[in-house]
Every structure is written in C-alpha cells, then in structure tokens.
Amino acid sequence: MSALVNQLVAQVIGLEVGLLSCQARLAALTDGEALHDLRTTVRRLRSLLRPLRGLPGVEQLESAARTVGQLTTPLRDREVLAAYLHQHGHHEAAERRLRLQPEAYRQVAQSPELAHLLQILDAFPRFIRASQHQKLLGGLRSRIQKRLAKQWKTLDHALKDPEHDRHRLRLLIKRVRYAAEAYPELDKLPVRAMAALKKAQGALGDWHDCWQWLLQAEHQADLQPCIATWRAAMVKAEARADRVLDKLGADCF
C-alpha cells in the first residue's frame with residue numbers, strides 16, 4: 001500500500017512541476033507548444049484522479065483541473081486550425097488567428113483558474129498522506145483496479161453499440177488510454193492494445209477536427225474556401241475511424 005501511495009504522491013508532484021513549467025513558458029511566450037503541454041499535463045492529472053474519486057480533496061482538484069481544460073480548449077482549437085490553414089496555403093486566415101494567441105497565452109498563465117488549480121494541487125500530497133495516516137486508503141489498489149476495469153467495460157459497450165456516438169467514443173478512448181498510462185502497474189495493457197487505442201484516438205481526432213471546422217465555417221467567412229475540402233475529408237475520416245474502431249474492438253475485447 002505504501003508503495004502505491006508513494007507512487008501517487010510522486011506523480012502528483014511531477015505533474016505540479018510540469019504545470020508550473022508550462023505556466024512560465026506561456027507567460028514568457030517561449031515556444032508554441034506550451035499550451036499543448038499544459039493541456040496534456042492537465043489531462044494526465046485528471047486521468048490519475050478519476051479512479052481516486054471519493055478520497056479527500058479529489059473532487060475539488062478534479063473540478064479545478066476540468067475548469068482549466070475548459071478555459072484552454074478554444075485556444076488550442078484555434079492553434080490547430082491556424083496550423084492547418086498555414087499548411088494548406090491560407091496564410092492570411094492563419095495569421096489572423098495566430099495574432100490573438102500571445103495575449104491569450106499570457107491570460108492563461110495569469111488566470112485565476114490556473115492559480116486555483118496549482119494551489120489545490122500543491123496541497124494534495126498532504127491530503128493523500130493524511131488519508132493514509134487516518135487509514136482511509138484501505139483497499140486503494142482494489143478500488144483503482146475496479147474503476148479501471150469499469151472504464152474498459154464502458155468502452156467495450158460503446159464500441160459494440162451500432163449507433164455509437166463518435167464524440168463519446170473519442171472521449172472514452174482518451175480516458176482509457178491515459179488511465180493506463182497513469183497506472184501502468186495496475187492496468188497492464190498489451191503493446192498491441194495501447195497502439196490500437198492511439199490509432200483510434202488519432203482517427204477520431206481527424207474526424208472531430210473536420211466536424212468542428214465545418215461548424216466554424218458557417219459563421220467565419222474566411223473559412224468558406226475550405227468547406228468542400230473539409231466535407232470530403234470528413235467522409236474519409238469517418239470511414240477510416242470506423243475501420244480502426246472495428247479493429248480496436250477485435251484486438252482489445
């Protein structure tokens with residue numbers, strides 16, 4: 001038990017250090033990956049926390065992490081779209097969006113949402129240790145394993161649903177994949193399964209990008225020239241995602 005608790009504390013501290021680094025990079029505008037890295041770190045934190053629900057401090061920390069995720073989603077979406085526009089020769093439209101990013105990065109770095117997350121995260125190892133001393137962590141390993149298994153079961157049911165929702169599947173796949181990375185000693189995935197999850201996430205991500213951009217094109221005039229391309233790409237992405245999902249179901253369940 002103490003080894004598992006030590007691993008949890010070490011992961012939390014490592015994630016806190018990672019977030020502080022991302023905050024500094026955003027504030028100083030050092031590079032174009034700081035926002036992406038911040039979001040990845042927050043996602044890993046949420047994956048670590050989900051199986052711990054019910055323990056002291058987890059609900060507050062989860063809520064703070066979710067709020068930072070919601071705050072940064074539109075900014076990351078704009079980054080991805082601008083990169084696509086540059087890549088396909090729509091440089092003016094790309095630059096129009098990228099000009100908004102530096103100030104947005106600074107606002108994230110200085111945001112009360114991120115400050116609140118960091119404050120709670122800094123205290124969380126003490127909550128874990130206090131819970132350990134108060135013997136509130138009995139059965140922790142079993143609790144985590146059961147919740148990881150439940151996530152796999154939920155994904156299995158969703159994959160077998162002929163009316164499956166691609167949006168929901170994308171989230172479930174991300175949840176299972178990042179949980180496996182958060183608890184590698186408790187959720188020992190075969191290499192083939194992890195590769196299949198990554199491939200499925202990528203395929204659904206391509207589909208999601210097209211779907212989202214088409215929605216934006218309805219009210220952003222400079223995206224109109226891309227509509228036909230995105231519609232065709234979305235059809236191809238849907239077909240590819242369905243093939244990958246079929247393979248995921250066959251390989252992992």
Side-chain angles (χ1 to χ4, degrees), residues 12-49 60-122 124 167 170-171 174 178 181 198 201-202 204-227 229-230 233-234 237:
V12 169
I13 292 172
L15 291 167
E16 181 184 8
V17 171
L19 282 177
L20 287 167
S21 172
C22 291
Q23 182 186 41
R25 289 160 60 197
L26 285 167
L29 304 177
T30 61
D31 61 276
E33 292 299 314
L35 182 69
H36 173 65
D37 290 348
L38 180 139
R39 287 177 53 79
T40 299
T41 305
V42 169
R43 189 181 302 121
R44 293 188 187 285
L45 173 61
R46 294 181 68 184
S47 297
L48 185 72
L49 294 173
Q60 295 90 331
L61 187 50
E62 262 199 302
S63 176
R66 182 169 55 250
T67 299
V68 171
Q70 292 168 344
L71 172 70
T72 57
T73 292
L75 309 183
R76 177 57 182 166
D77 289 345
R78 193 162 63 201
E79 274 186 345
V80 173
L81 175 56
Y84 173 94
L85 292 170
H86 261 315
Q87 185 180 357
H88 292 82
H90 303 284
H91 301 299
E92 185 177 344
E95 287 299 328
R96 188 176 296 117
R97 288 160 176 80
L98 289 176
R99 281 195 293 270
L100 302 174
Q101 293 299 91
E103 180 57 28
Y105 295 154
R106 293 191 188 95
Q107 288 177 0
V108 170
Q110 299 166 6
S111 68
E113 292 88 349
L114 182 55
H116 182 57
L117 172 58
L118 288 167
Q119 180 182 22
I120 298 176
L121 187 57
D122 184 60
F124 190 64
H167 288 286
R170 178 170 167 265
L171 295 176
K174 289 168 71 173
Y178 292 122
E181 292 177 349
K198 289 181 179 179
Q201 184 178 331
L204 286 169
D206 292 341
W207 167 81
H208 182 264
D209 284 343
C210 293
W211 173 82
Q212 183 176 244
W213 295 341
L214 284 168
L215 286 181
Q216 293 185 47
E218 292 178 2
H219 53 84
Q220 296 182 30
D222 61 352
L223 299 181
Q224 297 291 314
C226 301
I227 288 178
T229 300
W230 288 342
M234 185 172 176

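Just so it is clear, the values below take in all heavy atoms, side chains as well, and ignore hydrogens, waters and symmetry mates.
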Taking all atoms of both residues into account, what is the closest heavy-atom pair of [X] and [Y], and its distance?
{"X": "A94", "Y": "A82", "result": "CB-O, 3.4 Å"}
{"X": "W230", "Y": "A217", "result": "CZ3-CB, 4.2 Å"}
{"X": "Q23", "Y": "L114", "result": "CG-CD2, 3.8 Å"}
{"X": "G32", "Y": "E79", "result": "O-OE2, 3.8 Å"}
{"X": "P102", "Y": "L29", "result": "O-CD2, 3.7 Å"}

Straight-line distance of [X] [atom1] to [Y] [atom2], nearest 0.5 Å:
{"X": "H116", "Y": "L121", "atom1": "NE2", "atom2": "CG", "answer": "11.5 Å"}
{"X": "Q220", "Y": "L215", "atom1": "CD", "atom2": "CG", "answer": "10.5 Å"}
{"X": "K198", "Y": "K174", "atom1": "NZ", "atom2": "NZ", "answer": "14.5 Å"}
{"X": "T229", "Y": "M234", "atom1": "OG1", "atom2": "CE", "answer": "14.5 Å"}
{"X": "L118", "Y": "L19", "atom1": "CG", "atom2": "CG", "answer": "5.5 Å"}
{"X": "L75", "Y": "Y105", "atom1": "CG", "atom2": "OH", "answer": "8.0 Å"}

### Query
Where do V42 and L117 land on the side-chain contact (heavy atoms from CB on, under 4.5 Å) test, with the steps shown first?
CA-CA 10 Å; V42 169; L117 172 58; 4.2 Å; yes

**Prompt:** Mind checking what makes salt bridge (charged side-chain N to carboxylate O under 4.0 Å, His left out) contact with R66, not counting sequence neighbours?
**Reply:**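 Scan of R66 (salt bridge (charged side-chain N to carboxylate O under 4.0 Å, His left out), adjacent residues dropped) gives none.
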
Does the side chain of [Y] come within less than 4.5 Å of [X]'s, by heavy atoms?
{"X": "L81", "Y": "W213", "answer": "yes"}
{"X": "T72", "Y": "L35", "answer": "yes"}
{"X": "T73", "Y": "R39", "answer": "yes"}
{"X": "V108", "Y": "V68", "answer": "no"}
{"X": "E103", "Y": "R106", "answer": "yes"}
{"X": "P225", "Y": "H90", "answer": "yes"}
{"X": "R44", "Y": "T40", "answer": "yes"}
{"X": "R25", "Y": "E33", "answer": "yes"}

Count the heavy atoms of every other residue, nucleotide or ligand shown that sit under 6.0 Å from CD of E92, and state whether that count exceeds 12.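 Open: at most 12 neighbouring heavy atoms sit under 6.0 Å from CD of E92.
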
Backbone of R46 reached by a side-chain donor or acceptor of E62 within 3.5 Å:
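Answer holds: no.
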
| field | Expected output: side-chain S21 to main-chain V17 donor-acceptor under 3.5 Å | value |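 Checking the backbone N and O of V17 against the side chain of S21, no donor-acceptor pair under 3.5 Å is found.
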
- Message: I'd like to check the ring-ring contact (aromatic ring centres under 6.0 Å, His included) partners of Y178; sequence neighbours left out, ordered by chain and number.
- Response: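 For Y178 there are no ring-ring contact (aromatic ring centres under 6.0 Å, His included) partners, ignoring immediate neighbours.
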
- Query: Which residue pairs pass the salt bridge (Lys or Arg N to Asp or Glu O under 4.0 Å) test when at least one of the two sits in residues 211-225, sequence neighbours left out?
  - Reply: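 Salt bridge (Lys or Arg N to Asp or Glu O under 4.0 Å) check on residues 211-225 returns R96-D222, R97-D222.
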
| request: Look at the rings of W211 and H208 and say which category their plane angle falls in: under 30° parallel, 30 to 60° tilted, over 60° perpendicular. | output: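 The rings of W211 and H208 sit tilted, inter-plane angle from 30° to 60°.
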
Step-by-step side-chain contact (heavy atoms from CB on, under 4.5 Å) determination, H86 to L98 | CA-CA 10 Å; H86 261 315; L98 289 176; 3.7 Å; yes

*asked:* So if I apply the side-chain contact (heavy atoms from CB on, under 4.5 Å) rule between F124 and each of L45, I13, L49, which one comes out positive?
replied: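 Result for side-chain contact (heavy atoms from CB on, under 4.5 Å) with F124: L49.
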
